[in-house]
Amino acid sequence: MSLKIYNTRTKKKETFKPLRAGGVGIYVCGITAYDICHAGHARSAVVFDVIKKYLQYRSYEVTYVKNFTDLDDKIIKKAISEGVSRGISEIADRYIRTYNEDMDALGVDRPTISPRATEHIDGMISLINTLLQKGLAYVVDGDVYYAVEKWKDYGKLSGRTLEDLMAGARVEVNEKKRNPLDFALWKASKEGEPWWDSPWGRGRPGWHIECSVMSQRFLGDTFDIHGGGEDLIFPHHENEIAQSEGASGKPLANFWIHNGFVRIKGEKMSKSLGNTFTIKDMLKNYHPEVLRLFMLTSHYRGPLDFSDDSLDEARLGMDRFYATLKNIRDVPASEMDYSQIFLEKLQGRHREVCDRLAVLSEKFLEAMDDDFNTARAIGYTFDAARLINGYMTDEQFTVCPETLFVLHRAKIYFEEVGRILGLFLDEPDNYFCRARDRKVGESGLDVKEIECLIKERVAAREAKDWEKADEIRRLLAEKRVSLKDTPAGTTWEIE
RNA sequence: GGCGGCAUAGCCAAGUGGCUAAGGCAGCGGUCUGCAAAACCGUUAUUCUCCGGUUCGAGUCCGGAUGCCGCCUCCA
């Protein structure tokens, strides 16, 4: 089996081969730290987190670099509007902190390296110098521009030619530029803006140059995977290629991966449309793994439409998984020893379940190998849940060494899948309590009162006083509390 | 205007030219259950927006039409 990845550069799925056997270098363009993160940031982060986790599962040593843009017009604007004393770094620090909180909550692993643009100004100046020496850039009044006409491959990532771009030019008029498509590598600072000394006077870097410098610094001239949201294909990544390849003469990245956008009611979610919702808001209403499951049940390259209904649906799916996990865990394993059970010795249903689980496990990996098809992979995982539920609710089911062996296998299956997707990491009881407690908080109900009534009902049921039991059920139902009688006792939740 | 993507059941969503078009949610029938819930079993697309073409064979490839969306301006 080999991993295939869709490469934006070639518009094809290609077999993945790392430059260095056993190791993979990934660079993903990170956030500009000037505001609270929204669902779009979450999607991108989760997608690349799963890609990273899967590569690690496949035994690659992954170096994952994701930058923070901590120097930018929007940050400057925010600092000015807030009259912040320490300027842009205070703004950037604040939003980097909230970003990290959000990512930790979502179960997104921290990157291997998270460099900040302002830490690499020297590198940017030296890269711009190289581009000037190579005749790919020019200086005008303290600004430095990249001359796109001098770079033969300009447009190769986004599939556009200079003529295409000219034809559709919606570019601001800037008389300093020789070609309207030229972009700034360095900008002379205006009054009140942060600045750094450079051979071209006091100024600050353009947007694209930081990624060229930081990726080269940590991953080398050429590395394996470069990723980001699909909106970055043009101009950001196109310009990165022009800068990096123009300077080094070597390909920047072998694979370009771009995730699709988050939408609301069919429209792109974006700050300019004002239809964003933040990660923090979503986490108030949903378990983080519900959000992950939702994002991973459609393919990373396609659009993903967020709505309360679709998130609620994802929650039901997640409930299903955790119910299965709870059932497995609640089997009284006690002291029963199954160390003498081996797959080869198993027969009948036990053997059949193990075999089918093994097939599902294989199919899961096949799906992941096919351009990280998490949607299909999760489909097989639902099959596995049904398989195990069926096994456990069968009337022949009894707790015995064979059963424990099979359930142990199931547990391993879910752990393996969960490690790759970043799911099933919570304790089942905790998962359900979190959901319930959240609702209790909203409804203002008294937990002690509810549990007291449940105790009464349990007693009534033991006395086979069905009338009283039903009366209590009805009483609680009026408060939107629904009861479930299971072999392990009565549980409750809020509708 | 230039470039590109998408269109699959009531809804969400996979689908790599060839066995019966994954999976989830909702619905319906059943098993189980004191009732209920969960779970399980069965069922729900003779067909993949429409029209042509290539092929022994197309949801999948090609051309066209329609509709929706994105990039070309900061954006994940």
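Chain letters run A, B, ... following the sequence lines, proteins first, then strands; residues in each count from 1.
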Could you tell me how far rA21(B) sits from rC3(B) if I compare only their P atoms? Round to whole Å. 39 Å

rC28(B) and rA65(B): how far apart are their P atoms, nearest whole angstrom? 44 Å

Within this structure, what is the CD1-to-P distance between I378(A) and rC25(B), rounded to whole angstrom? 13 Å

Is NZ or CZ of K13(A) both nearer than 6.0 Å to the six-membered ring centre of Y6(A) and within 45° of the ring axis? no

CD1 of I450(A) to CD1 of I494(A), rounded to nearest 0.5 Å, is 5.5 Å

Kindly compute the distance separating NE2 (H258(A)) from CG (L157(A)), expressed to the nearest 0.5 Å. 5.5 Å

Return yes if the base of rG34(B) and the side-chain atoms of R461(A) contain a donor-acceptor N/O pair under 3.5 Å, otherwise no. yes

Nucleotide nearest R386(A) (side chain, heavy atoms from C-beta), chosen from rC35(B), rC3(B), rC41(B): rC41(B)

Taking atom P of rC12(B) as reference, at what distance in whole Å does atom NZ of K265(A) sit? 14 Å

Please report, rounded to the nearest Å, how far the C1' atom of rC3(B) is from the NZ atom of K11(A). 8 Å

Is the distance from OP1 or OP2 of rA38(B) to the nearest side-chain N or O of N327(A) less than 4.0 Å? no

Looking only at the side chain of L316(A) (C-beta and beyond, no hydrogens), which of the listed nucleotides rA13(B), rA76(B), rC25(B) gets closest? rC25(B)

Choosing from rA76(B), rA14(B), rC35(B), which nucleotide comes nearest the side chain of L232(A)? rA76(B)

With the side chain defined as heavy atoms from C-beta on, W466(A) is closest, among rG34(B), rA14(B), rC72(B), to rG34(B)

Out of rC74(B), rG15(B), rC72(B), which nucleotide sits closest to the side chain of K74(A)? rC74(B)

Within 45° cone and under 6.0 Å: K52(A) NZ/CZ vs Y64(A) ring: no

Using atom C1' in both nucleotides, what's the gap between rU55(B) and rC41(B) to the nearest angstrom? 41 Å

Please state whether the base of rA76(B) and the side chain of R43(A) form at least one donor-acceptor pair under 3.5 Å? no

Closest to side chain of H299(A), choosing from rC35(B), rG15(B), rA76(B): rG15(B)

May I have the distance from R263(A) (atom CZ) to rA13(B) (atom C1'), rounded to whole angstrom? 14 Å

Expressed in angstrom and rounded to an integer, what is the separation of M269(A) atom CE from rC74(B) atom P? 21 Å

Is the base of rG34(B) touched by the side chain of R457(A) through a donor-acceptor pair closer than 3.5 angstrom? yes

Side chain of F382(A), heavy atoms from C-beta onward: which of rA14(B), rA76(B), rG24(B) has the nearest atom to it? rG24(B)

Per the atom types in the model, does the base of rG70(B) pair as donor or acceptor with the side chain of D231(A) at under 3.5 Å? no

Using a 4.0 Å heavy-atom cut-off, does G40(A) contact any base of the nucleic acid, only the sugar-phosphate backbone, or nothing at all? base

What nucleotide among rC35(B), rA39(B), rG15(B) has an atom nearest to a side-chain atom of N389(A)? rA39(B)

Is it the case that rC74(B) (base atoms only) and D73(A) (side chain only) share a donor and an acceptor within less than 3.5 Å, ignoring hydrogens and angles? no

I want to verify a distance call: between rA14(B), rG23(B), rG24(B), whose nearest atom is closest to the E313(A) side chain? rG24(B)

Is it true that D72(A) and T69(A) share a donor-acceptor pair across their side chains at a distance under 3.5 Å? no

Cationic tip of R9(A) within the cone over F255(A)'s six-membered ring, i.e. under 6.0 Å and within 45° of the normal? no

Between rC72(B) (C1') and F183(A) (CZ): distance, integer Å: 15 Å

Lys/Arg N to Asp/Glu carboxylate O, K4(A) vs D369(A), below 4.0 Å: no

Between C1' of rG23(B) and CZ of F364(A), the distance in whole Å: 13 Å

Between rC3(B) (C1') and L157(A) (CG): distance, integer Å: 13 Å

Can you tell me which nucleotide in rA39(B), rA14(B), rC72(B) comes closest to the side chain of R320(A)? rA39(B)

